[in-house]
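Everything on this sheet refers to the single structure shown next.
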Amino acid sequence: MAVKRKIKLKKLLEDVTYELLQGDEETEVTDVAYDSRKVGDGFLFVAISGTVVDGHRFIPGVIEQGAAVLVVEKSPELIREEYGFDLPDDVTVILVKNGRRALSLISQTYFDHPMKKMTSIGITGTKGKSTTTYLIKNILEQTGKKCGIIGTIGVVIGEEVTPIEHTTPESYDLQEYIADICEAGCEYFVMEVSSQGVKMDRVYGMVFDYGIFTNITPDHIGDKEHADFNEYLSCKAELFDHCHVGIFNADDPHTAGIIKRAHCLVKTYGVMGARPDHSDITDEQYIAGCETYTRKKDLLAVDVEHVNSSDELSMRFGVRGLVRGEAVLGLPGSFNVYNALSAMALGALIGVSDEKMISAIRHVEVRGRVEVVPTGRDFSVLIDFAHNGVSTESVLKTLRGYDPARLTAIFGCGGNRSKLRRYEMGEAVGKLADFAIITSDNPRKEKFDDIVSDIRVGIDKTDIDYVVIEDRMEAVKYAVDNAEPGDMIVLLGKGHEEYQEIDGVKHHYSEREAVKAALIGARK
């Protein structure tokens, strides 16, 4: 655990623009909090005007709990007008324009800037972030280096995984996790930089040694997320204003625009034969490396092949440029070739040998990302976190590349989330799978039947056969019981998660355990 320490307020505020309204900058602070429930004696409390809850309303409570310093966004007069109380004279009060940004800067100082003590890698994009973090971790560990991860799967140090609520945690929690990684002896840390994390200033003031852009497609757009695609894209692009070296997927159509606004050294990667849909050059010109293709690739994959063997789906390809050799990637799908290229480009830039990188990507496992579950049978079972139309389409197209006898998709959709996501996921499954089982995902506080009705809007546009089985364990059992030689069964939506949220309560559930139970009880 990161070391907590007493620190003078003046030191904590060294990177913050502020006004001292009352009190003393020499006040000693014992810890920092943005959650009023976590305040104790001597704490500095940052009151944030959130979209749902205003932290200023909790000031009387945090003072009773022993807060020594208040960082506020509103003047004492406005607080009195809105909430009817005065700030006590014996508490130091600091006024800032943006509480979230102040919290990030204060947290970095409180934990003694742990990021600066390691080589830092930030990854952004719609898909591929989690897989890329693990690929990088594997590559670094091949060289004997220790690397920590912060992302969707959790905080990963060695083999220990600590689940977290957000892909990019709130800034205080994020800095504490980074400090934990540093104190564990890691020389590197790699994290997923989500668009929400950028929008909510959770990474404000952080400068990465390396930034990676995987790809971008419309996602996370809605009332509680991003207003539109342009905002989503802008948040993704912001990472490259705050890193020293940017590594970009040159085959994504939005890359050129992001590079134009980037303030970093640019390196690119791509796949021979893959190019933006809007490109007007011919295949012959592209393959010949025609100079009219202005986005030169520093790392290139060539001769990409799908490999299907017992209990393993992998990719074989050659690499040219920053890395040279013939590689086998222990993960299925063309999109994972892109993830591998981004990790290998990073490895090359920090001095990892070609041989060690090629070995590292051959033996990589990523929990819940097209994860192959060994069955010992003549059919395959895979688990993936895909939970929207775009990612579902990508996974199913990937599996189609292995020519299964029949592709069965088990899926549901989250409750209290976008209906459009349900329509699109249902339609994607209907178009690309041979058979579907609609089941429960995380219904949260929504009725299962209502979620299914929305999924039907999309899936009924297709002619796929499907059944509805609410209990997810039973849905997996049904699929395994009815599997035939050469079939592939893919469980979509849960991935690495070890729970189902039903009526607001999280119940233990594991896709791996469900598959294992189904295999034990399956008809021989």
Side-chain angles (χ1 to χ4, degrees), residues 305-315 330-336 368-413 422-441 452 455-495 511-524:
E305 299 177 43
H306 293 73
V307 180
N308 189 350
S309 59
S310 177
D311 281 336
E312 180 185 72
L313 303 176
S314 57
M315 303 296 297
L331 297 170
S334 299
F335 63 89
N336 274 323
R369 300 317 192 265
V370 279
E371 175 187 349
V372 178
V373 182
T375 65
R377 310 290 176 87
D378 51 7
F379 58 87
S380 305
V381 177
L382 300 99
I383 297 169
D384 194 82
F385 191 52
H387 53 276
N388 60 35
V390 172
S391 56
T392 296
E393 181 176 336
S394 178
V395 170
L396 295 180
K397 282 184 176 179
T398 291
L399 298 182
R400 280 287 179 206
Y402 292 93
D403 196 24
R406 186 177 58 160
L407 181 57
T408 295
I410 304 173
F411 77 107
C413 288
R422 300 172 191 174
Y423 308 154
E424 292 175 346
M425 194 166 179
E427 187 169 1
V429 169
K431 287 180 176 179
L432 292 166
D434 297 303
F435 183 72
I437 303 171
I438 301 174
T439 188
S440 177
D441 189 293
V452 173
I455 293 172
R456 287 184 193 271
V457 172
I459 202 167
D460 284 346
K461 292 181 179 179
T462 72
D463 58 3
I464 192 174
D465 290 330
Y466 66 88
V467 295
V468 177
I469 303 174
E470 181 172 0
D471 185 288
R472 198 169 179 103
M473 289 279 290
E474 289 299 318
V476 175
K477 185 178 185 303
Y478 180 90
V480 169
D481 279 348
N482 289 279
E484 297 175 359
D487 282 1
M488 281 186 184
I489 301 168
V490 58
L491 286 63
L492 300 170
K494 298 298 296 174
E511 297 277 52
R512 289 147 214 84
E513 291 173 10
V515 172
K516 183 178 179 180
L519 289 167
I520 290 171
R523 297 192 302 267
K524 303 296 183 182

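No hydrogens, no waters, no symmetry mates; every other heavy atom, side chains included, goes into these values. Positions are given from 1, in the same order as the sequence printed here. Computed from a predicted structure; not experimentally measured.
In plain terms, the two heavy atoms of T392 and A428 that are nearest each other are CG2-CB, 4.0 Å. Closest approach of A405 and P485 over heavy atoms only: CB-O, 3.7 Å. A pairwise comparison of heavy atoms in P332 and Y402 identifies CA-OH, 3.2 Å as the closest pair. When all heavy atoms of I464 and V429 are compared, the closest pair comes out as CD1-O, 3.7 Å. Minimum interatomic distance between A514 and V476 (heavy atoms only, all atoms of both residues): O-CG1, 3.8 Å. When all heavy atoms of L492 and A409 are compared, the pair lying nearest together is CD1-CB, 4.2 Å.
The NZ atom of K431 sits 12.5 Å away from atom CG of L396, with the distance rounded to the nearest 0.5 Å. Atom-to-atom distance recorded for E511:CD and I410:CD1 is 7.5 Å, nearest 0.5 angstrom. Taking CE of M488 as the reference point, atom OG1 of T408 lies at 11.5 Å (rounded to 0.5 Å). The CG atom of L432 lies 8.0 Å from the CG atom of L407; values are rounded to the nearest 0.5 Å. Remark: F379 CZ to I489 CD1 distance equals 5.0 Å, nearest 0.5 Å. Of the inter-residue distances, the one linking S440 atom OG with K494 atom NZ reads 8.0 Å to the nearest 0.5 angstrom.
Taking the ring-ring contact (aromatic ring centres under 6.0 Å, His included) definition, one finds that F385 meets it with H387, H496, sequence neighbours left out.
Here the side chain of S394 pairs no donor or acceptor atom with the backbone of V390 at under 3.5 angstrom. Within the 3.5 Å criterion, the main-chain N or O of I469 finds a donor-acceptor partner in the side chain of T439. Under the 3.5 Å distance criterion, the side-chain polar atoms of D441 are left unmatched by any main-chain donor or acceptor of C413. Side-chain atoms of R369 do not come within 3.5 Å of backbone N or O of N336 as any donor-acceptor pair.
Note on residues 455-466: pairs passing salt bridge (charged side-chain N to carboxylate O under 4.0 Å, His left out), not counting sequence neighbours, are E427-K461. For residues 394-411, the salt bridge (charged side-chain N to carboxylate O under 4.0 Å, His left out) pairs, not counting sequence neighbours, are E393-K397, R400-D434, R406-D487.
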Quiz item: Would I438 and F411 satisfy side-chain contact (heavy atoms from CB on, under 4.5 Å), going step by step from the backbone distance to the final call?
Solution: CA-CA 5 Å; I438 301 174; F411 77 107; 3.9 Å; yes
Quiz prompt | Candidate pair L331 and M315, rule side-chain contact (heavy atoms from CB on, under 4.5 Å), full reasoning | solution = CA-CA 7 Å; L331 297 170; M315 303 296 297; over 6 Å; no
Quiz item: Would V395 and L382 count as a side-chain contact (heavy atoms from CB on, under 4.5 Å) if you check the C-alpha gap in whole Å, the side-chain angles of each, and the deciding distance to 0.1 Å?
Solution: CA-CA 10 Å; V395 170; L382 300 99; over 6 Å; no
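In this structure the side chain of H306 reaches within 4.5 angstrom of the side chain of S334, judged on heavy atoms.
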